[in-house]
Amino acid sequence: MAKACFGDKRLRPVNRSAPMVRHRFLEGARMTGLALMMFIGLFAFGGQLLGWTDYDGHIQLGLFAAFLFGIICGYRTKG
């Protein structure tokens, strides 16, 4: 084994994948935040923004179900 120049400490391999893992986490966090903001915006103000009339709440129920199923599918494909 190679010895370090200063003392008897052994050289350890450098983990070069750590910055890439942090970058992937931040990218996923950004996409999750964007999806959450879009969902809240459509759920709360979609009728005013897009002009639909939803007296029974079926469109909001559909948005909620699509968001929930998207979370479930994302976790299943990720792990």
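What you see below is based on every heavy atom in this structure, not just the backbone, and it leaves out hydrogens, waters and symmetry mates.
Every pair passing ring-ring contact (aromatic ring centres under 6.0 Å, His included) that includes a residue from residues 44-73 is listed here, sequence neighbours excluded: Phe39-Phe67.
Scanning both residues, Leu42 and Leu50, for their nearest heavy atoms gives CD2-CD1, 3.8 Å.
Taking hydrophobic clusters as Ile, Leu, Val, Met, Phe, Trp and Tyr residues chained together by side-chain heavy-atom distances below 4.5 Å, Leu68 does not share a cluster with Met38. Taken together through direct or relayed side-chain contacts under 4.5 Å among Ile, Leu, Val, Met, Phe, Trp and Tyr, Leu36 and Phe43 form part of one hydrophobic cluster.
Between the CD1 atom of Ile40 and the CG atom of Leu63 there is a distance of 12.5 Å, given to the nearest 0.5 Å.
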